[in-house]
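First up is the structure itself, then whatever we jot down about it.
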Amino acid sequence: MSVFRNWKRMTVTKNVLVALLMGMACGFMLAYVSLIPMGALKLNLNDAHYSSQLEYAEGPTYDPGVHNHEEEFHNMEDTSVADNLTRKVRVLCWVMTQPKNHQKKARHVKNTWGKRCNILLFMSTAEDESLPAIALSVKEERDFLWAKTKEAFKYIYKHYLDKADWFLKADDDTFVILENLRYMLKPYNTSDPIYFGCRFKQFVKQGYMSGGAGYVLSREAVKRFIEMGLHNATHCYRGDRGSEDVELGKCMEAVHVKAGDSRDSHGRGRFFPFVPEHHLIPGHVSKEFWYWKYIYYDSKEGMECCSDNAVSFHYVSPNQMYVLEYLIYHLRPYGITYHVTLSSSHPDGISLSDKDNKSTIAQNN
Ligand SMILES: *[C@@H]1O[C@H](CO)[C@@H](O)[C@H](O)[C@H]1NC(C)=O
Ligand SMILES: *[C@@H]1O[C@H](CO)[C@@H](O)[C@H](O)[C@H]1NC(C)=O
Ligand SMILES: *[C@@H]1O[C@H](CO)[C@@H](O)[C@H](O)[C@H]1NC(C)=O
Ligand SMILES: *[C@@H]1O[C@H](CO)[C@@H](O)[C@H](O)[C@H]1NC(C)=O
């Protein structure tokens with residue numbers, strides 16, 4: 001009898017225990033979910049924050065085509081200043097890609113912004129003459145991006161160093177406005193050791209440039225990277241793994257390549273690690289989001305975020321590349337014309353925009 005009673009009590013205790021544990025687990029989950037900053041959950045498909053969110057994104061199957069330059073509205077355009085800059089500030093663009101993205105992503109870079117580079121190369125692990133993609137001998141893994149970056153710059157140093165003035169690295173989900181990049185670079189001498197991008201302040205004393213927003217090296221910076229950096233283990237990391245952008249940042253600092261200031265005269269940014277929506281909509285991401293701890297300069301949300309001559313945006317899906325292409329190079333509000341006057345630059349490197357006041361320009365000349 002007493003054995004039976006004891007057994008019953010034991011079952012009750014066991015059930016209570018299981019219920020208690022389940023309750024604790026549920027309670028923990030609820031509390032955990034409610035503690036995640038709301039901003040982090042508000043992210044949507046149009047505004048990716050991780051490359052995995054764009055992994056399966058594909059562009060149009062059929063080529064969206066182009067407008068004829070003889071059309072009335074394109075015929076009214078005066079591109080002579082930009083055309084001159086294309087000759088004076090020659091930019092080689094190299095785009096980090098991989099064989100499975102040649103058709104899905106790289107092709108759409110070539111169809112849109114890539115065609116405005118003086119030289120366009122895709123760095124991959126399989127050759128593809130249509131892009132063209134170069135087969136670097138590295139492992140094709142996200143973990144090996146640093147190795148790939150080193151090999152890409154070695155290749156460029158060997159074959160292209162005198163064929164361009166500036167050397168831009170971008171991803172296959174970066175969108176770049178080449179005209180604004182050339183305008184920003186115009187005051188600088190490519191013989192100076194300097195590089196530009198979206199500057200982050202962690203890990204490296206002078207900061208480093210976010211990989212996704214793209215970064216651009218002067219010819220001297222590429223030379224030092226290869227000649228001093230890669231031939232001396234005390235300067236640049238010899239291993240294959242690690243964050244490509246942080247390692248490059250450490251390496252640039254070690255070989256005395258200056259981290260340049262890419263902001264415009266209003267202090268607005270030009271290189272962006274996310275799509276415009278992320279930066280333009282106040283409160284879109286929580287203040288806890290890592291970006292705020294990383295960004296080097298005080299940066300604002302809303303219209304104040306972004307320069308009128310922004311250079312790059314990241315996590316742009318292949319479809320959105322065509323949307324940006326249309327908005328930037330085609331859609332025009334009728335009756336508004338824009339006269340470009342070439343302006344000078346700030347000694348610290350903050351280029352003055354066209355509407356800047358004359359006193360500032362005169363001071364810096
Ligand atoms: C472009 O360059 C040419 C030749 O150097 C020059 O004659 C012309 O004035 C320039 N045009 C503009 C708009 O800067
Ligand atoms: C750029 O710098 C190099 C080396 O310091 C110098 O020889 C050259 O004249 C400079 N170019 C310009 C346009 O200032
Ligand atoms: C590597 O760099 C360090 C620091 O600048 C220098 O002392 C050393 O001589 C360099 N080694 C080689 C092989 O160039
Ligand atoms: C013009 O420049 C002066 C001197 O740098 C400055 O105080 C002023 O705010 C500027 N004005 C505008 C409209 O940017």
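Atoms within each ligand, like the ligands themselves, are counted from 1 in listed order. We're numbering straight along the sequence, starting at 1.
- Every pair passing disulfide (SG to SG under 2.5 Å) that includes a residue from residues 243-321 is listed here, sequence neighbours excluded: Cys236-Cys251.
- Using a cut-off of 4.0 Å between Lys/Arg side-chain N and Asp/Glu carboxylate O, Arg268 and Glu304 are scored as salt-bridged.
- Atoms of ligand 1 lying under 4.0 Å from at least one heavy atom of Val81, given by number and element, are 13 (C).
- Side-chain N or O atoms of Thr190 include one that pairs as donor or acceptor with a backbone N or O of Asp165 at under 3.5 Å.
- Residues that satisfy the ring pair (Phe, Tyr, Trp, His ring centres under 6.0 Å) test with Phe200, not counting sequence neighbours, are Tyr208, Trp290, Tyr294.
- For a heavy-atom separation below 4.0 Å, the residues in contact with ligand 2 are Asn189, Ser191.
- Checked by atom type and distance alone, the side chain of Lys150 pairs as donor or acceptor with a backbone atom of Arg238 at under 3.5 Å.
- When the salt bridge (charged side-chain N to carboxylate O under 4.0 Å, His left out) test is applied to Lys287, the partners found at least two apart in sequence or on another chain are Glu301.
- Using a cut-off of 4.0 Å between Lys/Arg side-chain N and Asp/Glu carboxylate O, Glu253 and Lys250 are scored as not salt-bridged.
- Residue-to-ligand polar distances place Asn84 within reach of ligand 1: an N/O pair is separated by less than 3.5 Å.
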